[in-house]
Amino acid sequence: MPYIMWRSRMSVGIERIDEDHKQMIRCVNDLDQAINQAAYDPRLTAQTLLRLCEYTKSHFDREEKLMLAVEYPDYAVHKLQHDTARRALQDICEEFMEEPAKMVAERIYKFAAEWLVQHILMADMKMVPHIVGPNALAKTA
């Protein structure tokens, strides 16, 4: 499985959000490592998965508050993407809890890795002018 690396082009220009994204990437990479241990350990995978889910929730909440603070015009669409990802991640995680098989964990990793990178590069980048623009900074300060 590929290893996700932070790249400067992923930066939205707000240190806290960028740190969140870096932490989420670390969580996804930790999940990859947990899945691919020499001896697969479902408990370690479950702990790593729980950390990813908890951090994802706190990040989405933080990002949504920021979008509201700068009156981001595409807030509803962006929030819907977050809500859809939350539900999908929750559904896959519930499946893992019922059957903690490596194959299920790999599906979770694939979903989380692809969604996260695509969301940062596509959806989050659309927020940048609204967050770091001259009028936006005054609204978030």
Side-chain angles (χ1 to χ4, degrees), residues 1-37 39-141:
M1 291 183 190
Y3 186 81
I4 304 171
M5 292 183 57
W6 173 262
R7 290 172 171 50
S8 60
R9 69 182 183 152
M10 297 169 121
S11 175
V12 297
I14 297 291
E15 186 175 341
R16 180 64 195 157
I17 299 299
D18 287 341
E19 286 304 315
D20 277 357
H21 289 161
K22 289 175 187 176
Q23 181 61 33
M24 290 173 72
I25 288 170
R26 280 190 289 274
C27 287
V28 170
N29 287 332
D30 288 349
L31 180 60
D32 179 45
Q33 288 181 335
I35 292 167
N36 292 299
Q37 295 268 327
Y40 174 68
D41 181 355
R43 276 187 261 150
L44 175 61
T45 301
Q47 291 169 345
T48 307
L49 188 54
L50 180 61
R51 198 171 79 245
L52 172 64
C53 290
E54 289 173 350
Y55 203 86
T56 298
K57 182 192 178 320
S58 65
H59 166 68
F60 284 173
D61 290 347
R62 194 171 7 267
E63 196 172 271
E64 289 165 9
K65 286 178 187 173
L66 177 61
M67 287 187 287
L68 287 171
V70 298
E71 299 174 6
Y72 180 55
D74 291 329
Y75 170 80
V77 171
H78 200 111
K79 184 174 183 336
L80 180 60
Q81 291 174 358
H82 285 175
D83 292 345
T84 301
R86 278 184 186 111
R87 276 191 302 276
L89 192 56
Q90 180 180 346
D91 290 347
I92 301 170
C93 289
E94 286 174 6
E95 181 182 347
F96 177 80
M97 295 307 167
E98 290 175 16
E99 180 188 350
K102 184 174 181 175
M103 180 182 71
V104 177
E106 287 171 340
R107 279 201 358 254
I108 296 168
Y109 170 81
K110 185 177 187 312
F111 167 78
E114 289 175 0
W115 189 90
L116 177 61
V117 172
Q118 181 180 358
H119 186 75
I120 291 171
L121 293 175
M122 303 301 285
D124 286 351
M125 284 302 147
K126 289 180 183 176
M127 295 187 316
V128 171
H130 301 276
I131 295 172
V132 298
N135 296 329
L137 289 177
K139 293 178 186 176
T140 60

K.L.:
Please give me the minimum heavy-atom distance between Ala123 and Tyr72, naming the atom from each residue.
P.N.:
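What the structure gives for the nearest pair is O-OH, 4.3 Å.
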K.L.:
Step through it carefully: locate the ring centre of His119, locate the ring centre of His78, and say whether they are under 6.0 Å apart.
P.N.:
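When the ring centroids of His119 and His78 are compared, they turn out to be within the sub-6.0 Å range.
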K.L.:
Taking side chain as C-beta onward, heavy atoms only, is His59 less than 4.5 Å from Ile17?
P.N.:
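Heavy-atom side-chain distance check passes, below 4.5 Å.
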K.L.:
List the steps, then state whether side chain to side chain contact (heavy atoms under 4.5 Å, CB included) holds for Arg86 with Gln90.
P.N.:
CA-CA 6 Å; Arg86 278 184 186 111; Gln90 180 180 346; 6.0 Å; no
K.L.:
Listed by chain and number, what are the side-chain hydrogen bond (donor to acceptor under 3.5 Å, both in side chains) partners of Tyr40, not counting sequence neighbours?
P.N.:
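Partners of Tyr40 under the side-chain hydrogen bond (donor to acceptor under 3.5 Å, both in side chains) test: none.
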K.L.:
Once rounded to the nearest 0.5 Å, what's the spacing between atom CD1 of Ile131 and atom CD of Glu63?
P.N.:
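Between Ile131 CD1 and Glu63 CD, I get 7.0 Å after rounding to 0.5 Å.
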K.L.:
Find the distance between CE (Met127) and CD1 (Ile14) and round it off to the nearest 0.5 Å.
P.N.:
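Separation between the atoms: 9.0 Å.
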K.L.:
Report the distance from atom CD of Gln118 to atom CD of Gln81, rounding to the nearest 0.5 Å.
P.N.:
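Answer for the CD-CD pair, Gln118 versus Gln81, is 8.5 Å.
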K.L.:
Quick one: list whatever passes side-chain hydrogen bond (donor to acceptor under 3.5 Å, both in side chains) with Gln23, sequence neighbours left out.
P.N.:
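Once residues adjacent in sequence are excluded, the partners of Gln23 under the side-chain hydrogen bond (donor to acceptor under 3.5 Å, both in side chains) criterion are Arg26.
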K.L.:
Can you name the one residue among Phe111, Tyr3, Tyr109, Trp115 that meets side chain to side chain contact (heavy atoms under 4.5 Å, CB included) with Val28?
P.N.:
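Passing option: Tyr109.
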K.L.:
Would you say the side chain of Met24 lies within less than 4.5 Å of the side chain of Ile120, judging by non-hydrogen atoms?
P.N.:
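No, side chains not in contact.
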K.L.:
What's the shortest heavy-atom distance between Cys27 and Thr48, and which atoms?
P.N.:
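Closest approach of Cys27 to Thr48, heavy atoms only: O-CG2, 4.0 Å.
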K.L.:
Closest heavy-atom contact between Glu64 and Tyr75?
P.N.:
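The pair with the smallest heavy-atom distance is O-CE1, 3.6 Å.
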K.L.:
If you take all heavy atoms of Ala113 and Ile4, which pair is closest and at what distance?
P.N.:
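Shortest heavy-atom separation between Ala113 and Ile4 comes out as CB-CD1, 3.5 Å.
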K.L.:
Set out, in order, the CA-CA distance, both residues' side-chain angles and the distance that settles side chain to side chain contact (heavy atoms under 4.5 Å, CB included) for Gln47 and Leu44, then state yes or no.
P.N.:
CA-CA 5 Å; Gln47 291 169 345; Leu44 175 61; 4.1 Å; yes
K.L.:
Which atom names give the shortest non-hydrogen contact between Ala105 and Phe96, and what distance separates them?
P.N.:
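Heavy atoms only, the tightest pair is CB-CE1, 3.8 Å.
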K.L.:
Does Glu19 have any side-chain hydrogen bond (donor to acceptor under 3.5 Å, both in side chains) partners at least two apart in sequence or in another chain, and if so, which?
P.N.:
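Once residues adjacent in sequence are excluded, the partners of Glu19 under the side-chain hydrogen bond (donor to acceptor under 3.5 Å, both in side chains) criterion are Lys22.
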K.L.:
Looking at Val117, Leu116, Asp18, which one forms a side chain to side chain contact (heavy atoms under 4.5 Å, CB included) with Met10?
P.N.:
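The residue from Val117, Leu116, Asp18 that satisfies side chain to side chain contact (heavy atoms under 4.5 Å, CB included) with Met10 turns out to be Val117.
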K.L.:
Taking the side chain as C-beta and beyond, is there a heavy-atom pair between His21 and Asp124 under 4.5 Å?
P.N.:
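Yes; the side chains approach each other to less than 4.5 Å.
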K.L.:
Could you tell me the separation between the CG atom of Leu31 and the CD atom of Glu106, rounded to the nearest 0.5 Å?
P.N.:
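Leu31 atom CG to Glu106 atom CD measures 10.0 Å (nearest 0.5 Å).
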K.L.:
Where do His130 and Val70 come nearest, in terms of heavy atoms and distance?
P.N.:
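Closest approach of His130 to Val70, heavy atoms only: O-CB, 3.7 Å.
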K.L.:
Around atom CD of Glu94, are there more than 12 heavy atoms from other residues, nucleotides or ligands closer than 6.0 Å?
P.N.:
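It does: Glu94 CD has more than 12 such atoms within range.
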K.L.:
Which donor-acceptor pairs under 3.5 Å do the side chains of residues 50-57 make with protein atoms, sequence neighbours left out?
P.N.:
{"unit_1": "Arg51", "atom_1": "NH2", "unit_2": "Asp30", "atom_2": "OD2", "d": "2.3"}
{"unit_1": "Tyr55", "atom_1": "OH", "unit_2": "Asp20", "atom_2": "OD1", "d": "2.8"}
{"unit_1": "Thr56", "atom_1": "OG1", "unit_2": "Leu52", "atom_2": "O", "d": "2.7"}
{"unit_1": "Lys57", "atom_1": "NZ", "unit_2": "Asp61", "atom_2": "OD2", "d": "2.8"}

K.L.:
Run the side-chain hydrogen bond (donor to acceptor under 3.5 Å, both in side chains) test against Lys102 and tell me which residues pass, sequence neighbours left out.
P.N.:
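Result, side-chain hydrogen bond (donor to acceptor under 3.5 Å, both in side chains) vs Lys102: none returned.
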K.L.:
Quick one: side chain to side chain contact (heavy atoms under 4.5 Å, CB included) partners of Arg87, sequence neighbours excluded?
P.N.:
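Result, side chain to side chain contact (heavy atoms under 4.5 Å, CB included) vs Arg87: Asp83, Thr84.
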